[in-house]
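Order of the sequence lines fixes the chain letters, A, B, ..., with proteins taken first and strands second; residue numbering starts at 1 for each chain.
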Protein chains: 2
Amino acid sequence: MAARSGQKRQPAALTRREKVESRETAILSAAQKIFAARGYGKTTTAEIAAAADVAEGTLYLYYKNKEALGRAVLADFYRRVTENARRGVEKCPATREKLEFLARHHLKNVIRERRIIELVYILEREMDSYEGGQLYQMNRAYVAVFDNVLREGVARGEIDATMTPWITRDIFYGSLEYAMRSMLIRDRQKSLEQVVSELVDLVMRKTSPTEDNHPSFANRTGDAADRVLDAARRLERLLAAQETKGEYK
Amino acid sequence: MAARSGQKRQPAALTRREKVESRETAILSAAQKIFAARGYGKTTTAEIAAAADVAEGTLYLYYKNKEALGRAVLADFYRRVTENARRGVEKCPATREKLEFLARHHLKNVIRERRIIELVYILEREMDSYEGGQLYQMNRAYVAVFDNVLREGVARGEIDATMTPWITRDIFYGSLEYAMRSMLIRDRQKSLEQVVSELVDLVMRKTSPTEDNHPSFANRTGDAADRVLDAARRLERLLAAQETKGEYK
DNA sequence: AGAATTAATGAGTAGCACTCATTAACGAAA
DNA sequence: TTTCGTTAATGAGTGCTACTCATTAATTCT
């Protein structure tokens, strides 16, 4: 505590710079909390100001307007979630585990902070060349984690590279976000694991025991294996019919 | 033109009922036009009233508030798009063609009327039991077109039924809507066909000639066992569902 | 035609995001 | 410590927007 110039500073007394920074984070986290609870549309700037313990006018010293505040909240969400995704993926040895981790992680986060995610749709796109927009870049950085896993998996031979990478990515994240909506209506926990595993299967092209459409499997004759296979096929048809009947009116 | 009671009606003179109805559709289509052009948030009720050639107060005789108007516009969109999907699917003989039609149709529509689609995210959920909500029902009716194609395809043996139907559906529509965002940034037309065909491949599990990589092909004897096991698992699930029937409503 | 019912109007209201003239807090120089 | 220039904070005020409601107009009924 010696060398830092002649300035005495008690723990409670903050320097000017520190005060400004703490105010900024206070506003941001107040906004994040209220947006997450009430949603962007129903949140008033007055509420945010009160929660951050500043005057309404002060908000506008730190953020240009409510929309900019929303953008900042969303950007912060991307930052957190990207960081966590990176860290989690590092720990997984195999591609399948990485993908499963990413899927689970994404689903959990979009469910927990779905009102923050909605900002993606609510906020107007930044007008100047969308590609250069901040949120576009942050989203890029986030999905890049998946892209890397995919690329690595293909290089290692753990994934078949039949699909265009960006389409694979769209399928991955698109399915998850759409599935979230379904899951919020149905039971949550059980479906989560189901969605994750089926989606990862799909992306990895582990087509599991369904290859009978393939020409090379057309009628093999004779042995016990075949008869079991045939039984399986018939069971599957029956099941499919039953399952679909029950689920959709 | 004879029998209809003693009422004389010139083509220009509308009965009261007709007038009311024409006003209603005038308001609805004005709203639809402006929402589609400017987006919900930037559209004012004054604008809509002017475009529909009524006073501002009149809007509120027909729709409870701006949100209800948004809901009506979205509902109308679902109605049109569901009808078109149904008609288009009818004309296709094979499952693959049906799916391709649906994918193309959906993509084109969400791109063209994306500001209407955004209403799904912007509008607050109707609070009372979301499942019974009007928009939930309309969305159900729309995706049911896909569900039927899927079910039929499975019954015909054109699609393997390894995946849970509702997850397949989420993957289908989720991918398309997410892909839309990517497509709006990249070049549009070329990617459209690419997305459609790769997605349909995926859903149909036509894994193309790359499935030799799959482990289960290394030892073929495992196949049948896998499938029976899988069928057993599904049977268990089905029975469990039957026992707790009514859970899924 | 006159009465009764229903539809349409637009000035008025409340609530919101945002501004700006004023005040307070700070830090460096005297 | 006091002074003073600079930066930060304030909150009453502004304009815009969704929505209301007392009044007026249109339509049907008797």
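The 5' end of DNA chain D is approached more closely, in terms of each residue's nearest nucleotide, by B:Gly41 than by the other of B:Arg17 and B:Gly41.
An OP1 or OP2 oxygen of C:dA8 is reached within less than 4.0 angstrom by a side-chain nitrogen or oxygen of B:Tyr62. Side-chain N/O atoms of A:Thr44 include none lying less than 4.0 angstrom from OP1 or OP2 on C:dC16. A sub-4.0 Å separation between OP1 or OP2 of D:dT17 and a side-chain N or O of B:Thr45 is absent. The phosphate of D:dA9 has OP1 or OP2 within less than 4.0 Å of a side-chain N or O from A:Arg23.
Here D:dT17 presents its C1' atom at 13 Å from CG of B:Leu59, a figure rounded to the nearest Å. Between A:Asn65 atom CG and D:dC16 atom P there is a gap of 17 Å when expressed in whole angstrom units. Following rounding to the nearest Å, A:Asp53 (CG) and D:dA9 (P) show an atom-to-atom distance of 12 Å. Nucleotide C:dG15 holds its C1' atom 11 Å from the CD atom of A:Glu56, rounded to whole Å. Counting to the nearest Å, the P atom of D:dA18 and the NZ atom of B:Lys64 are 16 Å from each other. Atom CD in B:Glu24 sits roughly 15 Å away from atom C1' in C:dA8 (whole-Å rounding). The CZ atom of A:Arg38 sits 11 Å away from the P atom of C:dC16 (whole-angstrom rounding). We find that OH of B:Tyr40 is positioned 14 Å from P of D:dT17, with the value rounded to whole Å.
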* To do: Any chance you could lay out the salt bridge (Lys or Arg N to Asp or Glu O under 4.0 Å) test for A:Arg96 and A:Asp201, step after step, and finish with the verdict?
  => CA-CA 8 Å; A:Arg96 162 166 283 274; A:Asp201 277 355; 2.6 Å; yes

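Considering only side-chain atoms of A:Leu61, the nucleotide from D:dA9, C:dG27, C:dC18 that sits closest is D:dA9. With C:dA7, C:dC18, D:dC19 as the choices, the nucleotide that has an atom nearest any side-chain atom of B:Val20 turns out to be C:dA7. In the set D:dA9, C:dT9, C:dC18, C:dC18 carries the atom at the smallest distance from any side-chain atom of A:Tyr60.
Looking only at atom types and distance, the side chain of B:Asp170 has a donor-acceptor partner in the side chain of A:Ser182 under 3.5 Å away. For the 3.5 Å distance criterion, the side chains of B:Tyr78 and B:Asn139 qualify, holding a donor opposite an acceptor. Between the side chains of A:Arg140 and A:Tyr136, at least one donor-acceptor pair of N or O atoms lies under 3.5 Å.
Across all strands shown, B:Thr58 has heavy atoms under 4.0 Å from base atoms, whether or not it also approaches the sugar-phosphate.
Between A:Tyr173 and A:Tyr142, a ring centre-to-centre spacing shorter than 6.0 Å is recorded.
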